[in-house]
Amino acid sequence: MEPGKDQKIWQVVMAIPAGKVASYGQVAEMAGLGRQARYIGRALGKLPQGHAVPWYRVIRSNGQIAFPEGSEIYQEQVGRLEAEGVEVVNGRVAMRRFRWQ
DNA sequence: GTGATGACAGGGA
DNA sequence: ATCCCTGCCATCA
């Protein structure tokens, strides 16, 4: 696979405004991947150290965190979101998702 | 080469 | 609200 794909995804994710979140499907569409929502998570998993990609702003289509509640990664994501003013309740984002159009 | 897996989405029961 | 199933497609064993 070409690294351009991942880079494109990262670029899209970085385009998400602070205090807002986007679903995997939204990111996939914006990145021109169509229905390849699964590839988003894969690309984010490849994130190298020192990156500036706000992966924590990417959530599921139903507004829920993509990680099991209570896990380390989960707590980190929630912490970062709350630091930006995004309220997370019961593993779910209480704020409206960011809409592109 | 095949078959299973996955940081998903969407629809149906 | 939950659980289950199907579709999509790159990656891995």
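Throughout, protein chains are lettered first and strands after them, A, B, ... in sequence-line order, and every chain is numbered starting at 1. Model, not experiment: these values are computed from the prediction.
Here A:N90 pairs with A:E69 under the side chain to side chain contact (heavy atoms under 4.5 Å, CB included) rule; sequence neighbours left out. By the side chain to side chain contact (heavy atoms under 4.5 Å, CB included) test, A:A66 pairs with A:Y24, A:R60, sequence neighbours left out. For A:R35, the side chain to side chain contact (heavy atoms under 4.5 Å, CB included) test picks out no residue, with sequence neighbours left out. Considering only residues two or more places apart in sequence or on other chains, A:E29 meets the side chain to side chain contact (heavy atoms under 4.5 Å, CB included) condition with none of them.
Using a 4.5 Å cut-off on side-chain heavy atoms (C-beta onward), A:V12 and A:I40 make no contact. Taking 4.5 Å as the limit, every side-chain heavy atom of A:V21 sits out of range of all side-chain heavy atoms of A:I16. A heavy-atom distance below 4.5 Å is not found between the side chains of A:F67 and A:V78.
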Sugar-phosphate or base contact per nucleotide [nucleotides 2-8 of chain C; S, B, -; heavy atom under 4.0 Å]:
-----BB

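Boundaries of the chain A contact region on DNA chain B are B:dG6 to B:dG10, first to last in 5' to 3' order (nucleotide atom under 4.0 Å from a heavy atom).
Atom CD1 in A:I59 sits 8.0 Å away from atom CD in A:Q77 (nearest 0.5 Å). Interatomic distance, NZ of A:K46 versus NZ of A:K5, reported as 11.5 Å (0.5 Å rounding). Considering NZ of A:K8 and CG of A:L33, their distance stands at 9.0 Å, rounded to 0.5 Å. Rounding to the nearest 0.5 Å places CD1 of A:I9 at 5.5 Å from OH of A:Y39.
Sorted by first then second residue, the salt bridge (charged side-chain N to carboxylate O under 4.0 Å, His left out) pairs that include residues 80-93 of chain A, not counting sequence neighbours, are A:R57-A:E84, A:E76-A:R80.
Annotation: proximity of residues 57-76 of chain A to DNA chain B (heavy atom, distance under 4.0 Å) is found for A:R60, A:S61, A:A66, A:F67, numbered in ascending order. Taking every heavy atom of residues 78-88 of chain A and every atom of DNA chain B, no pair lies under 4.0 Å.
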